[in-house]
Amino acid sequence: MTVVPAQQSAGSRGSTGLYDVLELVLDRGLVIDAFVRVSLVGIEILKIDVRVVVASVDTYLRFAEACNRLDLEAGNRKDPGLPDLVGEITESGARGKSKGALAGAAQTISDAFGGGHDDEEKESRPRARRSSTGSRRKEEQE
Amino acid sequence: MSTYVYGITRNSPDLERAARPDGVGDPPRPVRVLSQGRLAALVSDAPEDLRPKRRDLLAHQHVLTEAAGRTGTVLPLRFGGVSFDDEAVAAVLAEREEHYLERLDAVDGKAEYNVKAEHDEEAVLHRVLADDPDLRAMGAAQQAAGGGSQEEKLRLGELIVAAVRRREELDRDQVHRALADAATASAPGPESSGWVANLSYLVDRERAEEFLSAAAEFQRVNPQLRLQVNGPLPPYSFVE
(Lines give C-alpha, C1' and ligand atoms only; values in the text may rest on other atoms or scores of the structure.)
Protein backbone atom coordinates (compact mmCIF):
# COMPACT_ATOMS: atom_id res chain seq x y z
CA MET A 1 0.00 0.00 0.00
CA THR A 2 1.24 3.44 -0.81
CA VAL A 3 0.32 6.29 1.47
CA VAL A 4 0.92 9.72 0.03
CA PRO A 5 0.61 12.55 2.51
CA ALA A 6 -0.85 15.72 1.05
CA GLN A 7 2.12 17.83 2.05
CA GLN A 8 4.37 15.62 0.05
CA SER A 9 2.27 15.78 -3.07
CA ALA A 10 1.94 19.52 -2.77
CA GLY A 11 5.66 20.10 -2.50
CA SER A 12 7.68 21.05 -5.50
CA ARG A 13 9.46 17.72 -5.66
CA GLY A 14 6.72 15.31 -4.77
CA SER A 15 5.18 14.13 -8.01
CA THR A 16 4.10 10.83 -6.47
CA GLY A 17 0.59 11.87 -5.67
CA LEU A 18 0.26 14.59 -8.25
CA TYR A 19 -2.17 12.79 -10.44
CA ASP A 20 -4.48 12.12 -7.54
CA VAL A 21 -4.30 15.68 -6.40
CA LEU A 22 -4.91 16.79 -9.96
CA GLU A 23 -8.12 14.97 -10.55
CA LEU A 24 -9.56 16.13 -7.25
CA VAL A 25 -8.42 19.73 -7.72
CA LEU A 26 -9.93 19.78 -11.20
CA ASP A 27 -12.99 17.64 -10.67
CA ARG A 28 -14.09 18.22 -7.10
CA GLY A 29 -14.24 21.13 -4.73
CA LEU A 30 -16.66 23.96 -4.37
CA VAL A 31 -17.95 25.69 -7.48
CA ILE A 32 -19.49 29.10 -7.00
CA ASP A 33 -22.02 30.01 -9.64
CA ALA A 34 -21.23 33.70 -9.55
CA PHE A 35 -17.60 33.04 -10.49
CA VAL A 36 -16.25 32.29 -13.90
CA ARG A 37 -14.01 29.33 -14.27
CA VAL A 38 -10.64 29.37 -15.93
CA SER A 39 -10.81 27.57 -19.24
CA LEU A 40 -9.67 24.01 -18.91
CA VAL A 41 -9.23 23.40 -22.60
CA GLY A 42 -6.43 20.96 -23.08
CA ILE A 43 -6.99 19.22 -19.79
CA GLU A 44 -8.27 15.72 -19.99
CA ILE A 45 -8.69 13.63 -16.95
CA LEU A 46 -7.49 10.10 -17.49
CA LYS A 47 -10.23 8.05 -19.00
CA ILE A 48 -9.24 4.52 -19.56
CA ASP A 49 -12.20 2.28 -19.59
CA VAL A 50 -10.67 -1.00 -18.60
CA ARG A 51 -13.78 -2.82 -19.63
CA VAL A 52 -13.35 -1.66 -23.18
CA VAL A 53 -9.67 -2.43 -23.17
CA VAL A 54 -10.20 -5.81 -21.60
CA ALA A 55 -12.96 -7.09 -23.86
CA SER A 56 -10.92 -7.61 -26.99
CA VAL A 57 -9.39 -10.58 -28.72
CA ASP A 58 -5.94 -9.19 -28.02
CA THR A 59 -6.69 -9.09 -24.35
CA TYR A 60 -8.10 -12.61 -24.32
CA LEU A 61 -4.95 -13.86 -25.94
CA ARG A 62 -2.75 -11.87 -23.63
CA PHE A 63 -4.50 -13.24 -20.56
CA ALA A 64 -4.36 -16.79 -21.90
CA GLU A 65 -0.65 -16.42 -22.51
CA ALA A 66 -0.13 -14.88 -19.10
CA CYS A 67 -1.94 -17.90 -17.70
CA ASN A 68 0.35 -20.19 -19.66
CA ARG A 69 3.36 -18.57 -18.07
CA LEU A 70 1.85 -18.78 -14.62
CA ASP A 71 3.05 -21.21 -12.02
CA LEU A 72 -0.26 -22.95 -11.48
CA GLU A 73 1.02 -24.79 -8.45
CA ALA A 74 1.21 -21.48 -6.65
CA GLY A 75 -2.37 -20.89 -7.70
CA ASN A 76 -3.40 -24.10 -5.98
CA ARG A 77 -2.79 -22.59 -2.62
CA LYS A 78 -6.25 -21.53 -1.80
CA ASP A 79 -5.52 -18.87 0.77
CA PRO A 80 -4.14 -15.75 -0.86
CA GLY A 81 -3.23 -14.41 2.55
CA LEU A 82 -0.47 -16.97 3.01
CA PRO A 83 2.69 -15.07 3.74
CA ASP A 84 4.80 -16.86 1.12
CA LEU A 85 2.27 -16.05 -1.57
CA VAL A 86 2.19 -12.46 -0.49
CA GLY A 87 5.94 -12.27 -0.80
CA GLU A 88 5.87 -13.80 -4.22
CA ILE A 89 3.18 -11.45 -5.40
CA THR A 90 4.84 -8.37 -4.05
CA GLU A 91 7.87 -9.32 -6.01
CA SER A 92 5.95 -9.94 -9.18
CA GLY A 93 4.00 -6.77 -8.61
CA ALA A 94 7.05 -4.69 -9.29
CA ARG A 95 7.69 -6.51 -12.54
CA GLY A 96 4.08 -6.31 -13.55
CA LYS A 97 4.08 -2.57 -13.25
CA SER A 98 5.19 -1.97 -16.77
CA LYS A 99 3.00 -4.41 -18.58
CA GLY A 100 -0.56 -5.20 -19.25
CA ALA A 101 -3.87 -3.47 -19.47
CA LEU A 102 -4.52 -3.56 -15.77
CA ALA A 103 -1.30 -1.80 -14.99
CA GLY A 104 -1.79 0.56 -17.90
CA ALA A 105 -3.30 3.41 -15.97
CA ALA A 106 -0.41 3.75 -13.59
CA GLN A 107 2.02 3.48 -16.43
CA THR A 108 0.32 6.21 -18.42
CA ILE A 109 0.35 8.48 -15.43
CA SER A 110 4.00 8.00 -14.78
CA ASP A 111 4.68 8.68 -18.45
CA ALA A 112 2.89 11.97 -18.19
CA PHE A 113 4.36 13.08 -14.92
CA GLY A 114 7.39 10.89 -14.68
CA GLY A 115 10.05 13.57 -14.72
CA GLY A 116 8.58 15.72 -12.08
CA HIS A 117 11.24 18.33 -12.69
CA ASP A 118 11.36 19.04 -16.39
CA ASP A 119 7.80 20.12 -16.96
CA GLU A 120 7.35 22.75 -14.34
CA GLU A 121 6.80 25.38 -16.97
CA LYS A 122 4.81 23.36 -19.39
CA GLU A 123 1.14 23.09 -19.83
CA SER A 124 -0.25 20.27 -17.84
CA ARG A 125 -1.17 17.53 -20.21
CA PRO A 126 -2.27 14.83 -17.85
CA ARG A 127 -1.57 11.97 -20.17
CA ALA A 128 -1.70 10.42 -23.54
CA ARG A 129 -4.80 8.38 -23.89
CA ARG A 130 -5.04 4.94 -25.23
CA SER A 131 -6.39 5.02 -28.71
CA SER A 132 -8.63 2.04 -28.24
CA THR A 133 -10.86 3.37 -25.52
CA GLY A 134 -12.88 6.08 -27.15
CA SER A 135 -13.99 7.33 -23.78
CA ARG A 136 -12.51 10.72 -24.23
CA ARG A 137 -13.89 13.38 -22.05
CA LYS A 138 -13.16 17.03 -21.95
CA GLU A 139 -13.47 19.05 -18.85
CA GLU A 140 -16.27 21.50 -19.03
CA GLN A 141 -15.01 24.81 -20.16
CA GLU A 142 -16.84 27.09 -17.83
CA MET B 1 -8.41 43.18 -11.25
CA SER B 2 -10.29 39.90 -11.02
CA THR B 3 -9.85 37.74 -7.96
CA TYR B 4 -8.80 34.11 -7.80
CA VAL B 5 -10.37 32.18 -4.95
CA TYR B 6 -8.71 29.17 -3.28
CA GLY B 7 -11.02 28.34 -0.44
CA ILE B 8 -13.35 29.51 2.27
CA THR B 9 -12.72 29.25 5.97
CA ARG B 10 -13.94 30.70 9.24
CA ASN B 11 -12.82 34.23 9.88
CA SER B 12 -10.10 34.32 12.50
CA PRO B 13 -7.36 36.75 13.51
CA ASP B 14 -4.89 33.90 13.08
CA LEU B 15 -5.45 34.00 9.35
CA GLU B 16 -3.93 37.44 8.90
CA ARG B 17 -0.94 36.66 11.06
CA ALA B 18 0.01 33.40 9.43
CA ALA B 19 2.50 33.13 6.59
CA ARG B 20 0.90 32.07 3.37
CA PRO B 21 2.43 30.08 0.53
CA ASP B 22 2.65 31.44 -2.99
CA GLY B 23 -0.48 31.56 -5.07
CA VAL B 24 -1.10 30.83 -8.72
CA GLY B 25 0.58 32.64 -11.59
CA ASP B 26 4.07 33.42 -12.76
CA PRO B 27 5.36 35.25 -10.86
CA PRO B 28 3.23 33.75 -8.08
CA ARG B 29 0.55 36.12 -6.84
CA PRO B 30 0.56 36.69 -3.08
CA VAL B 31 -2.32 35.10 -1.22
CA ARG B 32 -4.56 37.44 0.75
CA VAL B 33 -7.26 36.95 3.33
CA LEU B 34 -10.58 38.49 2.42
CA SER B 35 -12.76 38.72 5.51
CA GLN B 36 -16.50 39.03 5.43
CA GLY B 37 -18.49 38.54 8.61
CA ARG B 38 -17.82 35.14 10.08
CA LEU B 39 -16.17 33.87 6.93
CA ALA B 40 -12.94 34.55 5.11
CA ALA B 41 -11.81 33.63 1.63
CA LEU B 42 -8.23 32.89 0.68
CA VAL B 43 -7.70 34.82 -2.52
CA SER B 44 -5.10 36.34 -4.77
CA ASP B 45 -5.15 38.50 -7.83
CA ALA B 46 -6.05 36.35 -10.82
CA PRO B 47 -3.32 36.21 -13.46
CA GLU B 48 -4.58 37.34 -16.85
CA ASP B 49 -3.63 34.19 -18.66
CA LEU B 50 -4.25 31.63 -15.96
CA ARG B 51 -4.26 28.10 -17.34
CA PRO B 52 -4.30 24.78 -15.54
CA LYS B 53 -0.56 24.40 -15.45
CA ARG B 54 1.05 21.89 -13.21
CA ARG B 55 2.58 24.53 -11.00
CA ASP B 56 -0.69 26.43 -10.68
CA LEU B 57 -2.60 23.30 -9.75
CA LEU B 58 -0.02 22.55 -7.09
CA ALA B 59 -0.11 26.14 -5.84
CA HIS B 60 -3.88 25.90 -5.47
CA GLN B 61 -3.52 22.67 -3.55
CA HIS B 62 -0.68 23.99 -1.42
CA VAL B 63 -2.53 27.13 -0.31
CA LEU B 64 -5.38 24.90 0.84
CA THR B 65 -3.28 22.34 2.69
CA GLU B 66 -1.30 25.07 4.44
CA ALA B 67 -4.46 26.84 5.50
CA ALA B 68 -6.01 23.59 6.68
CA GLY B 69 -2.91 22.89 8.73
CA ARG B 70 -3.24 26.24 10.49
CA THR B 71 -6.93 26.85 10.94
CA GLY B 72 -8.20 23.31 10.80
CA THR B 73 -10.96 23.60 8.28
CA VAL B 74 -11.16 25.01 4.79
CA LEU B 75 -13.75 24.51 2.10
CA PRO B 76 -11.63 24.00 -1.00
CA LEU B 77 -12.77 25.54 -4.24
CA ARG B 78 -12.33 23.65 -7.45
CA PHE B 79 -9.32 24.90 -9.38
CA GLY B 80 -9.96 27.90 -11.57
CA GLY B 81 -12.67 29.85 -9.75
CA VAL B 82 -12.30 33.52 -10.62
CA SER B 83 -14.47 36.32 -9.35
CA PHE B 84 -14.94 39.72 -10.97
CA ASP B 85 -13.30 41.45 -8.00
CA ASP B 86 -12.90 41.27 -4.20
CA GLU B 87 -16.29 42.87 -3.62
CA ALA B 88 -18.00 40.16 -5.61
CA VAL B 89 -16.30 37.50 -3.44
CA ALA B 90 -17.41 39.29 -0.29
CA ALA B 91 -20.94 39.46 -1.65
CA VAL B 92 -21.02 35.69 -2.18
CA LEU B 93 -19.67 35.08 1.34
CA ALA B 94 -22.30 37.38 2.82
CA GLU B 95 -25.12 35.88 0.84
CA ARG B 96 -24.25 32.26 1.55
CA GLU B 97 -22.78 32.62 5.03
CA GLU B 98 -25.11 30.19 6.74
CA HIS B 99 -24.59 27.56 4.08
CA TYR B 100 -20.80 27.76 4.16
CA LEU B 101 -20.72 27.74 7.95
CA GLU B 102 -22.86 24.62 7.89
CA ARG B 103 -20.47 22.97 5.44
CA LEU B 104 -17.48 24.03 7.55
CA ASP B 105 -19.11 22.39 10.55
CA ALA B 106 -19.67 19.23 8.55
CA VAL B 107 -16.00 18.87 7.62
CA ASP B 108 -14.61 20.30 10.84
CA GLY B 109 -11.63 18.33 12.09
CA LYS B 110 -11.83 15.99 9.13
CA ALA B 111 -9.82 15.43 6.00
CA GLU B 112 -10.33 13.63 2.74
CA TYR B 113 -8.49 10.43 1.96
CA ASN B 114 -8.63 9.27 -1.61
CA VAL B 115 -8.16 5.57 -2.08
CA LYS B 116 -7.36 3.97 -5.38
CA ALA B 117 -7.00 0.29 -5.97
CA GLU B 118 -5.66 -1.44 -9.01
CA HIS B 119 -5.20 -5.10 -9.70
CA ASP B 120 -1.79 -6.62 -9.81
CA GLU B 121 -2.23 -8.57 -12.98
CA GLU B 122 -0.25 -11.64 -12.08
CA ALA B 123 -1.63 -11.75 -8.57
CA VAL B 124 -5.21 -11.42 -9.73
CA LEU B 125 -4.62 -14.22 -12.22
CA HIS B 126 -3.42 -16.41 -9.39
CA ARG B 127 -6.42 -15.40 -7.41
CA VAL B 128 -9.09 -16.14 -10.01
CA LEU B 129 -7.44 -19.45 -10.91
CA ALA B 130 -7.19 -20.39 -7.26
CA ASP B 131 -10.88 -19.66 -6.86
CA ASP B 132 -12.01 -21.68 -9.88
CA PRO B 133 -10.79 -25.29 -10.19
CA ASP B 134 -12.28 -25.68 -13.68
CA LEU B 135 -10.47 -22.63 -14.95
CA ARG B 136 -7.27 -23.83 -13.34
CA ALA B 137 -7.65 -27.25 -14.93
CA MET B 138 -8.20 -25.61 -18.30
CA GLY B 139 -5.07 -23.53 -17.86
CA ALA B 140 -3.06 -26.55 -16.77
CA ALA B 141 -4.28 -28.53 -19.78
CA GLN B 142 -3.19 -25.77 -22.12
CA GLN B 143 0.17 -25.53 -20.45
CA ALA B 144 0.60 -29.28 -20.82
CA ALA B 145 -0.30 -29.01 -24.50
CA GLY B 146 2.37 -26.35 -24.97
CA GLY B 147 -0.04 -23.44 -25.13
CA GLY B 148 -3.04 -24.81 -26.99
CA SER B 149 -4.58 -23.70 -30.25
CA GLN B 150 -5.62 -20.14 -30.99
CA GLU B 151 -9.27 -21.04 -30.33
CA GLU B 152 -8.42 -22.65 -27.02
CA LYS B 153 -6.41 -19.66 -25.98
CA LEU B 154 -9.23 -17.30 -26.87
CA ARG B 155 -11.72 -19.38 -24.93
CA LEU B 156 -9.50 -19.54 -21.88
CA GLY B 157 -8.66 -15.84 -22.13
CA GLU B 158 -12.33 -14.91 -22.35
CA LEU B 159 -13.15 -16.94 -19.26
CA ILE B 160 -10.24 -15.46 -17.36
CA VAL B 161 -11.20 -11.93 -18.34
CA ALA B 162 -14.76 -12.55 -17.18
CA ALA B 163 -13.43 -13.88 -13.88
CA VAL B 164 -11.14 -10.88 -13.49
CA ARG B 165 -14.11 -8.58 -14.02
CA ARG B 166 -16.12 -10.35 -11.39
CA ARG B 167 -13.13 -10.04 -9.11
CA GLU B 168 -12.99 -6.29 -9.81
CA GLU B 169 -16.54 -5.83 -8.62
CA LEU B 170 -15.98 -8.00 -5.61
CA ASP B 171 -12.81 -6.18 -4.72
CA ARG B 172 -14.43 -2.77 -5.17
CA ASP B 173 -17.10 -3.73 -2.65
CA GLN B 174 -14.55 -5.18 -0.31
CA VAL B 175 -12.33 -2.11 -0.37
CA HIS B 176 -15.33 -0.04 0.61
CA ARG B 177 -16.46 -2.44 3.30
CA ALA B 178 -12.99 -2.47 4.80
CA LEU B 179 -12.69 1.30 4.98
CA ALA B 180 -16.16 2.73 5.44
CA ASP B 181 -16.35 2.03 9.16
CA ALA B 182 -13.47 4.31 10.02
CA ALA B 183 -14.83 7.16 7.90
CA THR B 184 -17.62 9.68 8.42
CA ALA B 185 -18.68 9.80 4.79
CA SER B 186 -17.64 8.49 1.42
CA ALA B 187 -17.90 9.67 -2.16
CA PRO B 188 -16.93 8.12 -5.45
CA GLY B 189 -13.77 9.64 -6.88
CA PRO B 190 -13.70 11.26 -10.28
CA GLU B 191 -14.49 8.64 -12.87
CA SER B 192 -11.01 8.11 -14.12
CA SER B 193 -11.41 4.47 -14.76
CA GLY B 194 -8.53 2.12 -14.97
CA TRP B 195 -8.86 1.66 -11.25
CA VAL B 196 -10.65 -1.21 -9.60
CA ALA B 197 -11.76 1.34 -7.05
CA ASN B 198 -11.47 5.09 -6.75
CA LEU B 199 -13.15 6.26 -3.58
CA SER B 200 -12.84 9.24 -1.31
CA TYR B 201 -13.46 9.15 2.42
CA LEU B 202 -14.03 11.91 4.90
CA VAL B 203 -12.06 10.90 7.96
CA ASP B 204 -11.95 12.48 11.37
CA ARG B 205 -8.38 13.42 12.29
CA GLU B 206 -8.78 11.43 15.47
CA ARG B 207 -9.54 8.34 13.45
CA ALA B 208 -6.94 8.78 10.73
CA GLU B 209 -4.71 6.11 12.25
CA GLU B 210 -7.58 3.70 12.43
CA PHE B 211 -8.46 4.40 8.81
CA LEU B 212 -4.89 3.90 7.61
CA SER B 213 -4.57 0.71 9.65
CA ALA B 214 -7.73 -0.64 8.09
CA ALA B 215 -6.29 0.13 4.66
CA ALA B 216 -2.97 -1.53 5.51
CA GLU B 217 -4.71 -4.61 6.87
CA PHE B 218 -6.89 -4.84 3.80
CA GLN B 219 -3.81 -4.59 1.61
CA ARG B 220 -2.12 -7.34 3.59
CA VAL B 221 -4.86 -9.88 2.98
CA ASN B 222 -5.59 -8.79 -0.59
CA PRO B 223 -2.31 -9.08 -2.46
CA GLN B 224 -4.16 -9.08 -5.78
CA LEU B 225 -4.77 -5.36 -5.21
CA ARG B 226 -2.41 -2.44 -5.01
CA LEU B 227 -3.90 0.19 -2.78
CA GLN B 228 -2.88 3.80 -2.99
CA VAL B 229 -4.02 6.10 -0.23
CA ASN B 230 -3.75 9.86 -0.70
CA GLY B 231 -4.28 12.09 2.25
CA PRO B 232 -4.93 13.96 4.34
CA LEU B 233 -6.32 16.24 1.64
CA PRO B 234 -8.65 19.22 1.73
CA PRO B 235 -12.18 17.78 1.65
CA TYR B 236 -12.70 18.40 -2.07
CA SER B 237 -15.34 15.72 -2.41
CA PHE B 238 -17.38 16.76 0.62
CA VAL B 239 -18.07 20.44 0.20
CA GLU B 240 -21.28 20.50 -1.79
Side-chain angles (χ1 to χ4, degrees), chain A residues 1-4 6-7 9-10 17 20-32 34-38 40 43 45-50 54-55 57 59-61 63-64 66-68 70 72 74-75 77-78 80-81 85-86 89 92-93 96 100 102-106 119-120 123-124, chain B residues 50-55 57-58 60-62 65 75-83 88 92 114 118-123 125-127 129-130 136 139-140 142-143 147 153-154 156-158 160-161 190 192-195 212 215-216 219 221 223 226-233 236-237 239:
Chain A
M1 185 182 77
T2 323
V3 177
V4 186
Q7 284 74 13
S9 53
D20 309 279
V21 170
L22 248 187
E23 61 164 14
L24 292 171
V25 172
L26 285 166
D27 232 47
R28 294 290 186 266
L30 204 57
V31 175
I32 294 175
F35 296 178
V36 293
R37 232 191 133 204
V38 166
L40 296 182
I43 286 282
I45 299 290
L46 174 65
K47 281 283 169 186
I48 297 177
D49 190 337
V50 156
V54 160
V57 168
T59 315
Y60 294 162
L61 286 176
F63 270 81
C67 176
N68 276 331
L70 213 59
L72 289 175
R77 289 198 290 266
K78 190 72 179 165
L85 188 54
V86 174
I89 282 160
S92 69
L102 294 179
D119 57 348
E120 279 294 317
E123 199 82 350
S124 233
Chain B
L50 183 61
R51 304 271 300 116
K53 290 177 185 162
R54 168 197 167 90
R55 190 179 53 196
L57 292 163
L58 286 174
H60 181 97
Q61 161 84 355
H62 202 196
T65 50
L75 298 179
L77 258 75
R78 194 175 298 186
F79 176 87
V82 174
S83 174
V92 168
N114 180 258
E118 63 178 335
H119 268 149
D120 178 286
E121 189 168 306
E122 199 167 320
L125 269 175
H126 270 296
R127 180 75 189 242
L129 289 166
R136 194 166 65 242
Q142 278 197 18
Q143 278 189 4
K153 278 189 195 168
L154 276 176
L156 177 65
E158 195 176 355
I160 291 175
V161 164
S192 51
S193 40
W195 303 100
L212 292 174
Q219 174 70 91
V221 296
R226 277 193 296 263
L227 232 56
Q228 190 191 328
V229 180
N230 270 275
L233 296 163
Y236 292 107
S237 307
V239 288

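Just so it is clear, the structure is predicted and the values come from calculations on it, not from any experiment. Reminder, nothing fancy here: chain letters follow the sequence lines and each chain counts from 1.
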Nearest atoms (heavy-atom pairs only) where B/Leu125 meets A/Phe63
CD2-CD2, 4.0 Å
Kindly give the heavy-atom pair with the smallest separation between A/Asn68 and B/Gln142, and that separation in Å.
OD1-CB, 3.7 Å
So, do A/Leu24 and B/Gln61 sit near enough that their side-chain heavy atoms are less than 4.5 Å apart?
no
Would a distance-only check, ignoring hydrogens and angles, find a side-chain to backbone donor-acceptor pair under 3.5 Å from B/Gln143 to A/Cys67?
yes
Heavy-atom pair of closest approach, residues A/Arg28 and B/Ser237
CG-OG, 3.6 Å
Indicate the atoms forming the closest heavy-atom contact of B/Gly81 with A/Phe35, along with that distance.
C-CD1, 4.3 Å
Does any heavy atom of chain A fall under 4.5 Å from the side chain of B/Val92, the backbone, both, or neither of them?
side chain
Say you draw a straight line from NE2 of B/His126 to CG of A/Leu70; how long is it, rounded to the nearest 0.5 Å?
4.0 Å
Looking at B/Val82, B/Val239, B/Leu156, which has the largest count of heavy-atom pairs under 4.5 Å with chain A?
B/Val82
Quick one: does B/Leu77's side chain get under 4.5 Å of A/Val31's, heavy atoms only?
no
Return the CD to CG distance between B/Glu158 and A/Leu61, rounded to the nearest 0.5 Å.
11.0 Å
Go through the atoms of A/Ala66 and report whether side chain, backbone, both or neither lie under 4.5 Å from a heavy atom of chain B.
both
